[in-house]
Amino acid sequence: MEMPLLQKKVCLLGDFAVGKTSLVRRFVYDRFDDKYISTIGVKVSRKSLIVPHDGGTVRMNMLLWDMAGGEDFSHVHASYLRGAAGAILVCDLTRAETLESMSRYAGDFWSINPTSPLVIVGNKVDLKDMRAITDAELQAVAESHARSPWFTSSAKTGEHVEELFQALGQLILATR
Ligand code: G3D
Ligand code: MG
């Protein structure tokens, strides 16, 4: 029997060099034609995942939108966000200022997609000695943004990478 197929757009958001592209690379084996939308500087990758739902499973194709250098703008382009079913907000655990940007990304995202869920991610957890953001600080930001789930991850070691994308997949299904 064919499982129902869902195709969902997911946006990666976060300051320059927090690890957005590295997280997508770590998670995705199935690169989506290296599709590059040059006018707005976006790379779209595809990943198929199996998400538990209603006592069964659903197959979901995530289309992961990753900015290529668009991070320097004070606000994210609406065309990057439009139609997104969810977002991954990434900060760099070694740079405190990247956590402060999270509210702006959430605000931009929810102004276009008010009912779509997001996941808060503190990346580079492998760099233990350089850690500048605590679990409690990350959790507080997640709580203040619709009690979104939060993770510490490492695109380098793979820690929690699968889990954070899975969590978003489940939230997207729960939100439909
Ligand atoms: P961006 O897409 O958010 O701009 P990138 O960020 O994915 O390009 O990553 C920026 C730099 O951080 C890269 O280093 C990358 O290797 C590194 N990086 C990303 N994730 C991790 C992580 O989890 N742990 C560690 N230790 N490094 C990470 P370079 O040197 O290539 O600029
Ligand atoms: Mg990038």
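Counting starts at 1 for both ligands and their atoms, following the listed order. Bear in mind the structure is a predicted one, so any value in this text is a computation, not a measurement.
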Task: Matching residue for Leu168 among Leu49, Val51, Leu118, Val119 - test: side-chain contact (heavy atoms from CB on, under 4.5 Å) - done: Val119

TODO: State whether the side chain of Tyr80 and the backbone N or O of Trp65 hold a donor-acceptor pair below 3.5 Å, judged by distance alone.
DONE: yes

- [ ] Would you check whether Leu127 has a nitrogen or oxygen atom less than 3.5 angstrom from a nitrogen or oxygen atom of ligand 1?
- [x] no

TODO: Show which atoms of ligand 1 fall inside a sub-4.0 Å distance from at least one heavy-atom site of Ala155.
DONE: 20 (N), 22 (C), 23 (O)

Task: Short side-chain donor-acceptor distance under 3.5 Å, Asp66 and Thr21 - done: yes

TODO: Taking side chain to side chain donor-acceptor pair (under 3.5 Å) as the test, write out the residues that go with Gln7, two or more places apart.
DONE: Asn61

Open item on the list: Once you restrict to heavy atoms under 4.0 Å, what part of Asn123 touches ligand 1? Side chain, backbone, both or neither.
Closed with: side chain

TODO: Number the atoms of ligand 1 from 1 as they appear, then name those within less than 4.0 Å of a heavy atom of Lys20, with their elements.
DONE: 1 (P), 2 (O), 3 (O), 4 (O), 6 (O), 7 (O)

Open item on the list: So for ligand 1, is Val125 a polar contact partner (N or O within less than 3.5 Å, distance only)?
Closed with: no

Task: N, O or S of Met67 under 2.8 Å from the Mg ion (ligand 2) - done: no

Open item on the list: For ligand 1, which is the ligand I care about here, please tell me if Asp126 has any N or O atom under 3.5 Å from one of the ligand's N or O atoms.
Closed with: yes

Open item on the list: Strictly by side-chain hydrogen bond (donor to acceptor under 3.5 Å, both in side chains), give each pair with a member in residues 89-101 just once, sequence neighbours left out.
Closed with: Asp15-Ser101, Asp92-Thr94, Asp92-Arg95, Asp92-Lys124

- [ ] Indicate yes or no: does an N/O atom of Ser153 lie under 3.5 Å from an N/O atom of ligand 1?
- [x] no

Task: Enumerated ligand 1 atoms positioned under 4.0 Å from heavy atoms of Ser22 - done: 5 (P), 7 (O), 9 (O), 15 (C), 19 (C), 20 (N)

Open item on the list: So for ligand 1, is Phe16 a polar contact partner (N or O within less than 3.5 Å, distance only)?
Closed with: no

- [ ] Look at the side chain of Asn123 and the backbone N and O of Ala155, then say whether any donor-acceptor pair between them is shorter than 3.5 Å.
- [x] yes

Open item on the list: Which residue in the set Val125, Ile88, Asp126, Val121 passes side-chain contact (heavy atoms from CB on, under 4.5 Å) when paired with Ser153?
Closed with: Val121

- [ ] Specify whether Phe27 and Phe165 have parallel, tilted or perpendicular ring planes, treating 30° as the upper limit for parallel and 60° as the lower limit for perpendicular.
- [x] parallel

Task: Distance filter under 4.0 Å to Ser154 heavy atoms, resulting ligand 1 atoms - done: 23 (O)

